[in-house]
**Student:** 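Quick one: the structure is below, questions incoming.
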Number of protein chains: 2
Amino acid sequence: MVKQTLRDFFLGFIKIHILYHAAKEPIYGQKFSDELKRHGYEISFGTLYPIFHKLEGKGLLISKIKNVNGKNRKYYTITKKGNDVLNEARIQAKELVDELFEN
Amino acid sequence: MVKQTLRDFFLGFIKIHILYHAAKEPIYGQKFSDELKRHGYEISFGTLYPIFHKLEGKGLLISKIKNVNGKNRKYYTITKKGNDVLNEARIQAKELVDELFEN
DNA sequence: ATATCAATATCGAAATACGATATTGATATA
DNA sequence: TATATCAATATCGTATTTCGATATTGATAT
């Protein structure tokens, strides 16, 4: 119950993290999901993949299929536009969090 | 377009801020909306009011109608449970933002 | 051939978000 | 007494998002 509430709060944040990680190195769905889980966040593949598609559709990510050990992975990398959005999001996110610690 | 993307990213965050402000003092929809706007965030009343209802339904907020200058306002205050969720959210939010600034 | 396996894609149902419109209820005006 | 006004809240219909479950892909191993 509370867990569901927190997921709701942070789903947007997870989207920012997709951009953040895709800015550091190419990422793919399965692994991103695993790493989220390691940090205590779970997100259904039925939610995650459409998010990737949407971010690519908006031109923030670009994908490239690569075969690794006989498995096809779709690697996403950030675009110039994605980087601009990420930087803006980073600034806003910091402001919002800082405010949570005022008083 | 980018603006819509950023709103999507931050809607969950706005929900945390509702708890945060309701922890400081009783808040009501119209004024919360105005203050968000002052800070550059816009949220439709068709979105905002159901969020208040939902947070109250989950027992994180409690409301009380008060007549001020002949206008009825519904003031929301945080509950004990809401405070617990807020504290957890605050911690998680900080971790997530800090990570955005690593590297 | 076909079974297996990591990975991605998509489905239908439920929930959420949106902008627009309706409702509320107290006061002011006629 | 009616009714106009106004801030504030509520709700409506449509579109979009989220979810868990199921299907598909495609290369390799059996």
Side-chain angles (χ1 to χ4, degrees), chain A residues 1-18 21-22 25-38 41-58 60-77, chain B residues 1-18 21-22 25-38 41-58 60-77:
Chain A
M1 181 65 101
V2 165
K3 200 177 172 189
Q4 155 58 28
T5 301
L6 289 171
R7 170 160 52 182
D8 174 30
F9 285 175
F10 289 110
L11 187 52
F13 237 74
I14 288 174
K15 293 175 187 175
I16 299 174
H17 267 257
I18 289 175
H21 285 288
E25 63 191 339
I27 61 172
Y28 64 99
Q30 194 73 239
K31 182 154 172 239
F32 184 78
S33 166
D34 289 346
E35 294 197 358
L36 272 185
K37 209 172 285 180
R38 277 202 308 114
Y41 299 92
E42 279 199 53
I43 183 172
S44 156
F45 286 113
T47 303
L48 183 59
Y49 285 117
I51 288 173
F52 274 110
H53 301 163
K54 194 120 181 291
L55 291 174
E56 181 167 35
K58 285 177 178 169
L60 309 184
L61 295 178
I62 187 168
S63 70
K64 197 175 170 182
I65 291 174
K66 200 176 162 187
N67 187 279
V68 179
N69 300 331
K71 314 297 173 202
N72 271 347
R73 294 177 184 169
K74 198 163 177 181
Y75 280 93
Y76 289 89
T77 312
Chain B
M1 177 68 99
V2 164
K3 200 177 172 189
Q4 154 59 27
T5 301
L6 289 170
R7 171 160 51 181
D8 174 30
F9 286 174
F10 290 110
L11 187 51
F13 238 73
I14 287 173
K15 293 175 187 175
I16 299 175
H17 267 258
I18 288 175
H21 285 288
E25 63 191 338
I27 60 172
Y28 64 99
Q30 193 75 239
K31 184 158 171 231
F32 183 79
S33 166
D34 289 347
E35 293 197 359
L36 272 185
K37 209 172 285 179
R38 278 202 309 115
Y41 298 92
E42 280 198 52
I43 183 173
S44 157
F45 286 112
T47 303
L48 183 59
Y49 285 116
I51 289 172
F52 274 109
H53 301 163
K54 196 123 180 291
L55 291 174
E56 182 167 34
K58 286 179 176 166
L60 309 185
L61 294 179
I62 188 168
S63 70
K64 196 174 171 184
I65 291 174
K66 200 175 162 188
N67 188 279
V68 180
N69 298 332
K71 314 296 173 199
N72 272 347
R73 295 176 183 169
K74 199 163 176 180
Y75 280 93
Y76 289 90
T77 312

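What you are looking at is a predicted structure, and each value in this text was computed from that prediction instead of being measured. In what follows, chains carry the letters A, B, and so on, assigned in the order in which the sequence lines appear, proteins first and then strands, with residues in each chain numbered from 1.
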**Student:** Heavy atoms under 4.0 Å, any strand shown: does A:Phe52 hit a base, just sugar-phosphate, or nothing?
**Tutor:**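 Here A:Phe52 touches no strand at all.
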**Student:** When you compare the protein's N or O atoms with those of nucleotides 26-29 of chain D, which come within less than 3.5 Å of each other, and at what distance?
**Tutor:**
| from | atom 1 | to | atom 2 | distance (Å) |
| --- | --- | --- | --- | --- |
| D:dA27 | O4' | A:Gly70 | O | 3.3 |

**Student:** Please state whether the phosphate of C:dT24, meaning OP1 or OP2, lies under 4.0 angstrom from any side-chain nitrogen or oxygen of B:Lys74.
**Tutor:**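 It does not, given that no N or O in the side chain of B:Lys74 lies less than 4.0 Å from OP1 or OP2 of C:dT24.
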**Student:** Tell me, which pairs form a side chain to side chain donor-acceptor pair (under 3.5 Å) where one or both residues lie in residues 26-36 of chain A, sequence neighbours left out?
**Tutor:**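 Counting only pairs at least two positions apart or across chains, the side chain to side chain donor-acceptor pair (under 3.5 Å) contacts touching residues 26-36 of chain A are A:Tyr28-A:Arg73.
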**Student:** Does a donor on one side chain and an acceptor on the other come within less than 3.5 Å for B:Thr5 and A:Lys58?
**Tutor:** yes
**Student:** Other residues, nucleotides and ligands only: do more than 12 of their heavy atoms fall within 6.0 Å of CG on A:Asn69?
**Tutor:**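 Result for CG/A:Asn69: open.
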**Student:** How far apart are the C-alpha atoms of A:Ile18 and A:Leu48, what are their side-chain angles, what is the distance that settles it, and do they pass the side-chain contact (heavy atoms from CB on, under 4.5 Å) test?
**Tutor:** CA-CA 10 Å; A:Ile18 289 175; A:Leu48 183 59; 4.0 Å; yes
**Student:** Would you list the protein and nucleotides 19-21 of chain C atom pairs, both N or O, that sit under 3.5 Å from each other?
**Tutor:**
| from | atom 1 | to | atom 2 | distance (Å) |
| --- | --- | --- | --- | --- |
| C:dG19 | N7 | B:Ser44 | OG | 2.9 |

**Student:** Would you indicate whether the side-chain heavy atoms of A:His17 and A:His21 approach each other to under 4.5 Å?
**Tutor:** yes
**Student:** Hey, what do you get for CZ (A:Arg7) to CD1 (A:Ile14), rounding to the nearest 0.5 Å?
**Tutor:**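 Spacing of CZ (A:Arg7) from CD1 (A:Ile14) equals 8.5 Å.
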**Student:** May I have the step-by-step check of ring-ring contact (aromatic ring centres under 6.0 Å, His included) for B:Phe13 and A:Phe13, ending in yes or no?
**Tutor:** CA-CA 8 Å; B:Phe13 238 73; A:Phe13 237 74; 4.9 Å; yes
**Student:** Nearest whole angstrom, please: distance from the P of C:dT8 to the CD1 of A:Ile18.
**Tutor:** 12 Å
**Student:** Are OP1 or OP2 of D:dA8 and a side-chain N or O of B:Tyr28 less than 4.0 angstrom apart?
**Tutor:** yes
**Student:** Using whole Å, what does the distance between atom P of nucleotide D:dT11 and atom NE2 of B:His53 come to?
**Tutor:**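 Checked: the NE2 to P distance equals 7 Å.
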**Student:** Check DNA chain D against residues 30-38 of chain B and give the residues with a non-hydrogen atom under 4.0 Å, in numerical order.
**Tutor:**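 Residues of residues 30-38 of chain B that come under 4.0 Å of DNA chain D are, in numerical order, B:Gln30.
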**Student:** For D:dT9, take OP1 and OP2 only and decide whether either is under 4.0 Å from a side-chain N or O of B:Tyr49.
**Tutor:** yes
**Student:** Would you compute the distance between atom CZ of A:Phe45 and atom CD1 of A:Ile51 and round it to the nearest 0.5 angstrom?
**Tutor:**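 Interatomic distance, A:Phe45 CZ to A:Ile51 CD1, rounded to 0.5 Å: 12.0 Å.
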**Student:** In whole angstrom, what separates A:Ile51's CD1 from C:dT10's C1'?
**Tutor:**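 The distance from CD1 of A:Ile51 to C1' of C:dT10 comes to 15 Å, rounded to the nearest Å.
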**Student:** List, with names and distances, any nitrogen or oxygen atoms from the protein found under 3.5 Å away from nitrogen or oxygen atoms belonging to nucleotides 12-16 of chain C.
**Tutor:**
| from | atom 1 | to | atom 2 | distance (Å) |
| --- | --- | --- | --- | --- |
| C:dT16 | OP1 | B:Lys54 | NZ | 2.4 |

**Student:** About how many Å separate CZ of A:Phe10 and CG of A:Leu36, when rounded to the nearest 0.5 Å?
**Tutor:**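 So the gap between those two atoms works out to 13.0 Å.
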**Student:** Nearest heavy-atom pair of B:Thr47 and B:Pro50: which atoms, and what distance?
**Tutor:**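 Of all heavy-atom pairs spanning B:Thr47 and B:Pro50, the closest is O-CD, 3.4 Å.
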**Student:** Are B:Lys64 and B:Tyr75 in a cation-pi setup, meaning NZ or CZ lies under 6.0 angstrom from the ring centre and within 45 degrees of the ring axis?
**Tutor:** no
**Student:** Using whole Å, report how far NZ of B:Lys66 lies from P of D:dT9.
**Tutor:**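 After rounding, the reported distance stands at 13 Å.
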**Student:** Determine to 10° how strongly the helix from C:dA1-D:dT30 to C:dA30-D:dT1 is bent, judged from the axes of its five-pair ends.
**Tutor:**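 The two end axes of the helix from C:dA1-D:dT30 to C:dA30-D:dT1 meet at 30°.
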**Student:** Output the rounded distance in Å from NZ (B:Lys64) to P (D:dA8).
**Tutor:** 19 Å
**Student:** Once rounded to the nearest 0.5 Å, what's the spacing between atom CD of B:Glu25 and atom OG1 of B:Thr77?
**Tutor:**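 Output value for this atom pair is 10.0 Å.
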**Student:** Give me the atom names and distance for the closest heavy-atom approach of A:Phe9 to B:Lys15.
**Tutor:** CE2-CB, 3.5 Å
**Student:** Nearest 0.5 Å, please: how far is CG in A:Leu61 from CG in A:Leu55?
**Tutor:** 5.0 Å
**Student:** Mapping A:Ile65 and B:Pro50 onto DNA chain C by nearest heavy atom, which one lands closer to the 5' end?
**Tutor:**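 First, find each residue's nearest nucleotide; the 5'-ward one identifies A:Ile65.
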**Student:** Are the side chains of B:Tyr76 and B:Ile62 in contact, using a 4.5 Å heavy-atom criterion?
**Tutor:**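 Heavy-atom side-chain distance check fails, nothing below 4.5 Å.
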**Student:** At what distance, to the nearest 0.5 angstrom, does CG of A:Leu6 lie from CD1 of B:Ile16?
**Tutor:** 8.0 Å
